[in-house]
Amino acid sequence: RYGTLMGAYGAAKGSARPMVSDSYGIPMDMFDGNAYGGGAARMFMLMDLIGEDVFWKATKAYLEKYKFQSVTTESLFEVFAEVSGKNLDQFRKQWFYHAGAPNLSAELTGSVLKVTNSEPDFVLDLPIGVFRDNKWTIRSISLSGKEGQIDLGDVNGASVVVDPACTLMIGFDKELELTKEQLVAVFRSAPNA
């Protein structure tokens with residue numbers, strides 16, 4: 001999953017074309033990393049957004065509703081929104097109809113984590129993991145626009161990790177630095193493989 005997300009991030013950063021586009025010279029132009037890895041990464045993010053059980057229920061409903069028919073991205077989101085009961089418009093617009101991907105810089109000053117986004121058109125609920133005493137505490141920054149910040153409280157001796165479960169198709173200009181010992185502890189107790 002991590003490889004898929006990072007490959008898709010690379011494809012999105014290298015393309016001025018959004019995931020869904022009718023701008024091409026020949027149809028084959030559409031079959032690239034933005035379509036394949038990018039599609040898979042976006043579906044992973046959608047699964048994380050609505051929950052895995054709901055994701056598979058929505059997938060089944062979508063396949064049943066549109067079997068033997070031509071479909072569009074809008075068809076998919078219509079069914080997924082209906083089954084999940086969530087408004088997925090923002091997710092659909094920014095991840096499927098907007099080119100690029102968020103590129104973040106994270107800086108921790110005392111207890112305040114500041115995250116800057118070079119792609120301010122992307123709105124993110126960015127998970128922040130604080131790892132201390134072999135236990136994760138997950139917080140979140142609602143990143144809307146150029147930057148966001150959160151006061152994490154006492155983080156002395158803790159490891160702070162942005163997107164600790166690697167669920168988002170994001171890149172970093174600057175990540176938080178961890179010592180070798182912190183990295184080993186984080187990897188031993190990571191929220192996923």
Side-chain angles (χ1 to χ4, degrees), residues 1-20 34 37-52 54-55 73 77 80-81 84-132 135-155 158-178 182-183 186 190-192:
R1 181 184 281 205
Y2 178 74
T4 298
L5 289 166
M6 291 304 92
Y9 171 78
K13 289 305 290 180
S15 176
R17 175 177 60 78
M19 174 79 192
V20 177
N34 208 13
R42 287 164 175 87
M43 296 312 286
F44 280 138
M45 290 190 300
L46 180 58
M47 184 187 322
D48 288 328
L49 179 64
I50 64 175
E52 190 170 350
V54 174
F55 177 86
T73 303
F77 276 99
F80 273 65
S84 71
K86 292 188 176 192
N87 182 337
L88 301 172
D89 286 346
Q90 180 179 333
F91 180 87
R92 175 184 53 80
K93 288 175 186 172
Q94 74 182 15
W95 291 108
F96 286 78
Y97 293 96
H98 188 282
N103 196 43
L104 309 177
S105 291
E107 185 177 352
L108 186 62
T109 306
S111 64
V112 177
L113 174 66
K114 179 176 150 186
V115 179
T116 306
N117 183 3
S118 67
E119 296 286 343
D121 293 333
F122 285 85
V123 175
L124 301 170
D125 284 326
L126 188 63
I128 308 299
V130 178
F131 184 71
R132 174 186 284 141
K135 187 174 91 179
W136 284 99
T137 302
I138 305 297
R139 305 278 303 274
S140 182
I141 293 178
S142 292
L143 189 58
S144 175
K146 188 79 173 150
E147 68 181 44
Q149 64 182 30
I150 185 171
D151 189 333
L152 298 171
D154 179 21
V155 291
S159 302
V160 179
V161 181
V162 177
D163 192 22
C166 299
T167 58
L168 296 169
M169 191 178 88
I170 57 176
F172 290 93
D173 276 335
K174 181 181 176 190
E175 290 188 74
L176 298 173
E177 292 186 27
L178 299 176
Q182 286 175 314
L183 280 172
V186 164
N192 66 18

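Checking side-chain atoms of Asn34 against main-chain N and O of Arg17 turns up a donor-acceptor pair under 3.5 Å. Judged by distance alone, the side chain of Asp163 and the main-chain N or O of Leu168 form a donor-acceptor pair under 3.5 Å. Looking only at distances, no side-chain donor or acceptor of Glu107 sits under 3.5 Å from a matching main-chain atom of Leu113. A donor-acceptor pair under 3.5 Å is absent between the side-chain atoms of Arg92 and the main chain of Leu88, judged by distance alone. Glu147 contributes no side-chain N or O that, together with a main-chain N or O of Lys114, makes up a donor-acceptor pair within less than 3.5 Å. A distance-only check finds no donor-acceptor pair linking the side chain of Arg1 to the backbone of Phe44 [under 3.5 Å].
For the pair Thr109/Gln149, no side-chain contact is recorded, criterion being any heavy-atom separation below 4.5 Å from C-beta on. Side-chain contact between Leu108 and Leu152 is present, with at least one heavy-atom pair separated by less than 4.5 Å. Using a 4.5 Å heavy-atom cutoff, the side chains of Ile170 and Leu126 are in contact.
Note: Phe96 and Phe77 have perpendicular aromatic rings, judged against thresholds of 30 and 60 degrees for the angle between ring planes. By the 30° and 60° cut-offs, the orientation of the rings of Phe122 relative to His98 is perpendicular. Between Phe55 and Phe80, the two ring planes are perpendicular [angle over 60°; tilted spans 30° to 60°].
Between the side chains of Asp151 and Ser111, at least one donor-acceptor pair of N or O atoms lies under 3.5 Å.
Note that CG of Leu124 is 9.0 Å distant from CD of Gln90, once rounded to the nearest 0.5 Å.
Across all their heavy atoms, Lys13 and Asn103 have their closest contact at NZ-CB, 4.2 Å. Closest non-hydrogen pair, Gly145 versus Asn117, comes out as O-CB, 3.9 Å. In this structure, Thr4 and Ala41 approach most closely via the heavy-atom pair CG2-N, 3.8 Å. Heavy atoms only, all atoms of each residue included: Ala8 and Gly38 are closest at CB-CA, 3.6 Å.
Applying the 6.0 Å contact sphere to OH of Tyr2 captures no more than 12 heavy atoms from other residues, nucleotides or ligands.
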